[in-house]
Number of protein chains: 2
Amino acid sequence: MAVEIRPSQALKLLHDLNYEMVRDDDRDLSARQITILLTVYLEQPPHTVRGLAAKLNVTKPVITRALDTMGRMELLQRRRDPSDRRNVLVQRTVKGALYVERLGDLMVAKAKELPL
Amino acid sequence: MAVEIRPSQALKLLHDLNYEMVRDDDRDLSARQITILLTVYLEQPPHTVRGLAAKLNVTKPVITRALDTMGRMELLQRRRDPSDRRNVLVQRTVKGALYVERLGDLMVAKAKELPL
DNA sequence: ATAAATCGTTTCGGAGCCGTATCATTTCAG
DNA sequence: CTGAAATGATACGGCTCCGAAACGATTTAT
């Protein structure tokens, strides 16, 4: 039981966070894209297209397209698996790491500002 | 300083929350839609199209379309302002209140499960 | 009364994402 | 060595959303 938070605080935190993301960025990531990004950055590699699709309960093209988009944004990158060249390994990037770090810091800051 | 949370916890919370929303719902709300919804439910009325557009730094048609979509979902409803019939007042619905409540509870539950 | 301003909606062409089905490449089994 | 299986990418038609511009309805100012 690490983090104690009340529903009204949780909702305000969620609001403030989304608000910042909508206001700052022109293009905001979808819930699916954020989930993919955070999965790659928080969970143990390796991450494959098939594995991510199964984990998120979506079809493979969804992952492929998300990798196209987030690859263009340089938040994630593809790497062919050398040991089985059918696989594509999804890996972090410097830019993506900075983005995720900024997101975590923003959330911490917003949580600190919450009223009792 | 109400809620203390570390960046790694914040990111995991964000991940888990988005993960649930992606897995459960077929159609997930965009960041913009969530922000509009929570603004209406958390901040003081009245909420107008123009006011919401200015607050979120988006164009008016974005709000109109979001109201179309979330109106079809019965999460929000439009009401003509009787005192100035040019205005549209954005109001809560029973279904929307339940949705928001469920969202807050889900976030509280996920926060509770976070590792130290 | 008429013109200007305000407000929300609609239209338009363009872009992104969806799921299904299919494809090329690579690996594995017989 | 050849055919089946596995993996990720692509083609397709459909749907939603986007910003800019134009529009109708209403209110306010002259």
Side-chain angles (χ1 to χ4, degrees), chain A residues 18-19 21-40 45-92, chain B residues 18-19 21-40 45-92:
Chain A
N18 278 277
Y19 178 76
M21 293 170 65
V22 167
R23 262 200 93 96
D24 291 6
D25 302 341
D26 255 19
R27 287 203 51 63
D28 42 355
L29 300 177
S30 72
R32 285 181 171 184
Q33 289 169 331
I34 289 183
T35 309
I36 293 170
L37 183 69
L38 290 180
T39 298
V40 171
H47 303 286
T48 65
V49 171
R50 178 172 181 75
L52 290 170
K55 180 166 309 207
L56 303 193
N57 203 27
V58 297
T59 59
K60 286 188 296 178
V62 168
I63 304 296
T64 293
R65 285 185 294 252
L67 294 183
D68 290 343
T69 301
M70 299 175 98
R72 275 193 296 271
M73 298 183 198
E74 298 177 75
L75 299 178
L76 289 174
Q77 65 183 353
R78 281 186 248 241
R79 175 83 67 96
R80 213 88 219 183
D81 183 347
S83 72
D84 183 344
R85 296 178 41 72
R86 287 173 303 181
N87 287 331
V88 162
L89 303 179
V90 183
Q91 299 180 321
R92 309 170 187 184
Chain B
N18 277 278
Y19 179 76
M21 293 171 65
V22 167
R23 263 201 91 99
D24 291 5
D25 304 340
D26 254 19
R27 288 203 52 62
D28 43 356
L29 299 177
S30 71
R32 286 181 171 184
Q33 289 169 331
I34 289 181
T35 309
I36 293 171
L37 184 69
L38 290 180
T39 298
V40 172
H47 302 287
T48 65
V49 171
R50 178 174 182 72
L52 290 170
K55 182 168 306 212
L56 303 194
N57 202 27
V58 298
T59 59
K60 287 187 296 179
V62 167
I63 305 296
T64 293
R65 286 185 293 252
L67 294 183
D68 290 343
T69 301
M70 299 175 96
R72 274 194 297 271
M73 298 182 197
E74 299 176 76
L75 299 178
L76 290 174
Q77 66 183 354
R78 280 184 249 241
R79 174 84 66 97
R80 212 88 219 182
D81 182 347
S83 71
D84 183 343
R85 296 177 42 70
R86 287 173 303 182
N87 287 331
V88 161
L89 303 179
V90 184
Q91 300 181 319
R92 309 171 188 182

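Here is how names work: the chains are called A, B, and so on, in the same order as the sequence lines, proteins then strands, and each is numbered from 1.
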A:Asp81 CG to C:dC28 C1', in whole Å, measures 16 Å

Give, ordered by number, those residues of residues 51-60 of chain A having at least one heavy-atom distance below 4.0 Å to an atom of DNA chain C; if nothing qualifies, reply none.
A:Thr59

Would you kindly give the CZ-to-P distance between A:Arg80 and C:dT26, to the nearest whole Å?
7 Å

Treating A:Arg23 as the side-chain partner and B:Lys55 as the backbone partner, does any N or O pair qualify as donor plus acceptor under 3.5 Å?
yes

Sugar-phosphate only, base, or nothing, as touched by A:Asp68 at under 4.0 Å among non-hydrogen atoms
nothing

B:Ile63 has an atom CD1; how far is it from atom P of C:dT10, in whole Å?
15 Å

Quick check on D:dT26: is either OP1 or OP2 less than 4.0 Å from any side-chain nitrogen or oxygen of B:Arg85?
yes

Send over the distance from A:Arg86 CZ to C:dT26 P, rounded to a whole Å.
11 Å

Smallest separation among heavy atoms of B:Val40 and B:Arg92, with atom names
O-NE, 3.6 Å

Return yes if some donor-acceptor pair links the side-chain N/O of A:Arg80 with the main-chain N/O of A:Arg86 below 3.5 Å, else return no.
yes

Rounded to the Å, how far apart are B:Arg78 CZ and C:dT9 C1'?
8 Å

If you measure from CZ on B:Arg78 to CG on B:Leu67, what distance do you get to the nearest 0.5 Å?
5.0 Å

What does A:Ser30 touch in the nucleic acid at a heavy-atom separation under 4.0 angstrom: a base, only the sugar-phosphate, or nothing?
nothing

Rounded to whole Å, CG of A:Leu89 lies from P of D:dA9 at a distance of 11 Å

Side chain of B:Arg65, base of D:dG19: donor and acceptor closer than 3.5 Å?
yes

Is there a side-chain polar atom (N or O) of A:Arg32 under 4.0 Å from OP1 or OP2 of C:dG19?
yes

Whole angstrom is fine here: how far is it from NE2 in B:His47 over to P in C:dC7?
17 Å

Mind calculating the distance between CD1 (A:Ile34) and P (C:dC17) to the nearest angstrom?
13 Å

Closest to the B:Val62 side chain, choosing from C:dT26, D:dG19, C:dT6
D:dG19

Would you indicate, yes or no, if D:dC17 has its OP1 or OP2 atom less than 4.0 angstrom from a side-chain nitrogen or oxygen of B:Thr69?
yes

Flag side-chain contact, heavy atom, 4.5 Å: A:Ile36 against A:Leu76:
yes

Give a yes/no on whether any side-chain N or O of A:Asn87 is located under 4.0 angstrom from OP1 or OP2 of D:dG8.
yes

Go nucleotide by nucleotide along DNA chain C from the 5' end; which of B:Thr64 and A:Ala66 gets its closest nucleotide reached first?
B:Thr64

Side-chain N or O of B:Arg50 closer than 4.0 Å to phosphate OP1/OP2 of C:dT6
no

Considering only heavy side-chain atoms of B:Gln33, the closest of C:dC7, D:dC17, D:dA20 is D:dC17

Taking distance alone, no hydrogens or angles, what donor-acceptor pairs closer than 3.5 Å link side-chain atoms of residues 59-66 of chain B to residues at least two apart or in another chain?
none

B:Leu89 backbone acceptor or donor facing B:Arg79 side chain under 3.5 Å:
no

Taking side chain as C-beta onward, heavy atoms only, is A:Thr69 less than 4.5 Å from A:Met73?
yes

